[in-house]
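Throughout, a chain's letter reflects where its sequence line sits, starting with A, and its residues are numbered from 1. For the numbers below, each heavy atom of this structure counts, side chains included, while hydrogens, waters and symmetry mates do not.
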Amino acid sequence: MSKAMADPMLEELCRQRYGHLVALATMLTGSRESAPDLVQEALIAVFGKRRSFPSLNAADAYVRRAISSRFVDGVRKSSRRRASESGFASQQPGAHLDVVGDDAELNALLAQLPPRVRACIVLCYVEDLPITETARALSLSEGSVKRYVHDGLQLLNGALGTTESVDDAPRVAVETRGAQR
Amino acid sequence: MSGLSDRMRGQARSIEQGVPALASGEVEQIGKVARRKRRSRTALLATGVSGGVLAIGGAAALLLLGDRSTADPIAPSPSPSLSSSLSPPPSPPPSPSASPSVMPEPTTSAEPTGTPVRTFEAPEATGADSFPMPFGDAEDAAVAMQWENNVGGSFETPLWSADGSSFVSVLRSDRLYSVQYRDPSSGEARTPWADWSTLPPVVEWAPQGATFALWYSPEGGDPMLRIYDAGTGDSTAVATSPSDMVTHLSWSPDGSLLAVSAADLDARKATFAIVNVATGEVTASGLSGDAAEFGVITDQIYYRSMDPDGSGLAVTRSDATLPEVMAQGREPGDSVVGVEPIAWSPDGQTGIVVVPDDGDAGALYLVDGATNEVRSVEGAYSAIRPIAWAPDSAHFALADKDGTTVTMFAADGSSVNSWNVNGVNPNGWVQGIAWTPDSQQVAVAVPAGDGDVAQLAFAKADAESLTVLKAGPPISSNGPAWSPQGDQLAWPTQSGSTSQVLEFRD
């Protein structure tokens with residue numbers, strides 16, 4: 001009767017938010033293949049520390065943070081490795097281009113961004129994190145995040161004709177329209 | 001707003017739609033690896049900490065709020081001042097009232113004795129024109145108001161104030177949260193903060209009146225804990241905990257104290273503080289499990305422990321400087337943690353807690369509100385789905401470990417009836433549970449299809465099966481909430497982007 005079951009919260013999170021988590025990882029990595037691995041690593045990291053969360057939303061918040069920070073940790077490690085192997089420390093964008101999402105133009109542009117720049121852009125414009133929180137999530141200084149976002153925006157604005165700037169908060173005001181019946 | 005955010009988010013949405021669901025085998029595998037990791041971590045901790053609940057610190061030792069320079073409370077060797085008055089017994093307390101009374105003879109059958117899990121025929125559709133409820137007169141229900149958001153977000157289950165004059169709606173949009181509270185008679189809404197919260201906000205209404213405590217992590221700023229008067233809109237800051245995520249708030253029965261439970265963002269430690277609401281003074285603080293919370297009728301505080309070496313359900317009084325273990329639900333070495341807070345009956349006599357087991361879903365425990373006796377109830381139940389008390393405190397209902405069966409219990413823990421929701425939807429599960437205001441029926445939100453939309457099904461204690469509410473707007477899987485007076489029902493509707501308040505009149 002006792003069938004082996006994963007943690008209920010883990011199950012619930014995977015059932016309800018897995019696609020959402022993979023979408024974040026895909027936006028960060030640009031790779032359809034490595035995104036699920038990144039999500040899996042983050043899930044193991046978070047659920048390996050504790051099994052109890054006050055809510056699904058809280059578990060979701062922890063896992064999202066873990067996805068972002070693990071992605072940048074991976075970038076750090078691989079750039080160190082490259083540096084020691086070839087003495088060339090600059091971060092190169094991914095060599096091949098996965099087709100992800102419907103927006104091919106955006107996909108191609110994001111693929112041109114160095115990984116850390118891409119991470120900052122994704123956290124600011126998909127996750128809606130402010131600079132301070134992006135810096136905290138990625139363990140970077142605020143100055144670096146501003147510089148990365150600035151670099152990324154230069155490329156994206158130039159190609160897409162958008163006018164985003166570092167200081168523009170990418171915020172939406174919530175309006176709820178009420179109706180009395 | 002320029003198009004970059006929109007295009008980035010649109011791209012993320014299109015990626016999301018192409019992601020295949022994770023097979024249950026894969027989820028199991030992740031859970032297995034995570035459990036192995038937890039165990040090895042536990043073994044490490046257990047060698048360092050002298051066991052028991054009692055990594056709970058003294059008032060002066062660890063301040064959750066304010067002084068950030070305090071020592072890491074999970075430090076392996078507690079200082080003498082911390083442990084002296086709190087030495088834990090290595091085994092459960094000897095008092096019979098405090099030891100767990102596990103039901104002696106587990107039946108071999110998968111079905112609890114006397115309460116077979118019922119199967120039932122496909123429910124009949126009821127009329128589609130009016131808004132029929134399985135109680136009262138169909139025509140008596142009317143949509144009083146509805147509203148929708150402009151960001152494609154989904155509303156969570158509304159939370160009513162004690163006096164029914166207001167309710168709070170939390171709106172989730174991707175990973176950001178916004179909070180509004182609303183006057184159900186005029187529909188007028190107020191927003192405590194204009195900013196989005198980057199972490200899930202925690203809202204708790206005071207036991208009387210229309211005051212709520214709200215913890216919120218605004219973009220670009222430090223998290224805030226404030227007390228709001230829903231009538232006037234006035235608020236006062238209590239304290240902030242700059243780097244921690246508040247996980248649970250609990251009011252003392254007289255509304256003078258607030259227990260604040262928090263965890264750091266690495267999920268490594270959990271702390272609590274008891275705050276005097278009027279003065280902002282921290283009256284006690286320390287390490288806790290996932291939550292420190294007040295009883296409903298007494299000023300006792302219940303702690304639940306996060307780490308397996310700090311086990312037990314500890315109970316103390318709010319005027320005590322140091323917590324003292326009065327009851328322990330389980331053997332030290334087992335973790336007593338609940339994802340859901342203790343669910344107290346409205347009369348405060350009985351608390352329910354589901355303790356997740358390692359690997360299986362949770363075990364059900366009953367806490368006697370007067371004696372603090374903790375006893376277990378046979379069966380495996382869902383640790384993450386809500387426990388719902390009937391307003392008259394005579395019954396409670398919760399989902400089983402698979403989340404597909406709702407069991408109704410009497411207040412003493414004996415099961416009364418149970419229903420499988422797969423008759424409502426073969427792939428459905430129990431998402432939200434609410435009782436009708438007359439305490440006669442339990443209402444269950446069963447997600448249909450993609451999980452965003454749910455059907456609402458009702459059953460009386462002696463019902464053979466659940467009756468599905470077919471007409472009316474599709475309900476969001478987050479489930480409905482009745483006002484304390486029982487004359488209004490607020491619910492988020494399909495995909496959660498609309499919320500409605502329905503009104504019932506005599």
Test log, rule side chain to side chain contact (heavy atoms under 4.5 Å, CB included), inputs A:F47 and B:I30: CA-CA 9 Å; A:F47 282 85; B:I30 294 171; 5.9 Å; no
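- Only the side chain of B:R172 comes within less than 4.5 Å of a heavy atom in chain A; its backbone stays farther off.
- Neither the backbone nor the side chain of A:R32 comes within less than 4.5 Å of any heavy atom of chain B.
- Both the backbone and the side chain of A:V122 come within contact range of chain B, with heavy atoms under 4.5 Å apart.
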Test log, rule side chain to side chain contact (heavy atoms under 4.5 Å, CB included), inputs B:R7 and A:T162: CA-CA 10 Å; B:R7 276 183 84 160; A:T162 51; 5.6 Å; no
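- Pairing each heavy atom of A:Y125 with each of B:R9, the nearest pair is O-CG, 4.0 Å.
- When each of A:L153, A:D60, A:V39, A:L160 is scored by its heavy-atom pairs under 4.5 Å with chain B, the top score falls to A:L160.
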Chi angles and distances behind the side chain to side chain contact (heavy atoms under 4.5 Å, CB included) call for B:M8, A:I121: CA-CA 9 Å; B:M8 295 281 284; A:I121 292 282; 3.5 Å; yes
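- The part of A:A61 that comes within reach of chain B is its side chain, from C-beta onward, which places non-hydrogen atoms under 4.5 angstrom from that chain.
- Of the atoms belonging to A:L24, not a single heavy atom falls under 4.5 Å from chain B.
- Although no hydrogens or angles enter the test, the distance criterion places no donor-acceptor pair under 3.5 Å between the side chain of B:E16 and the main chain of A:A23.
- A donor-acceptor pair under 3.5 Å is formed between the side chain of B:S14 and the backbone N or O of A:D102.
- For A:E41, the side chain to side chain donor-acceptor pair (under 3.5 Å) test picks out A:R70, with sequence neighbours left out.
- Going from atom CD of A:Q40 over to atom CD of B:E26 covers 6.5 Å, rounded to the nearest 0.5 Å.
- The contact between A:I44 and chain B is made by backbone and side chain atoms together, counting heavy-atom distances below 4.5 Å.
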Residue pair B:V170, A:N57: steps toward the side chain to side chain contact (heavy atoms under 4.5 Å, CB included) verdict: CA-CA 11 Å; B:V170 174; A:N57 289 335; 5.8 Å; no
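- Of the inter-residue distances, the one linking B:Q11 atom CD with A:T26 atom OG1 reads 9.5 Å to the nearest 0.5 angstrom.
- Expressed to the nearest 0.5 Å, how far CG of B:L22 lies from OH of A:Y18 amounts to 4.5 Å.
- Distance check, rounded to the nearest 0.5 Å: CZ of A:R64 to OG1 of B:T198 gives 12.0 Å.
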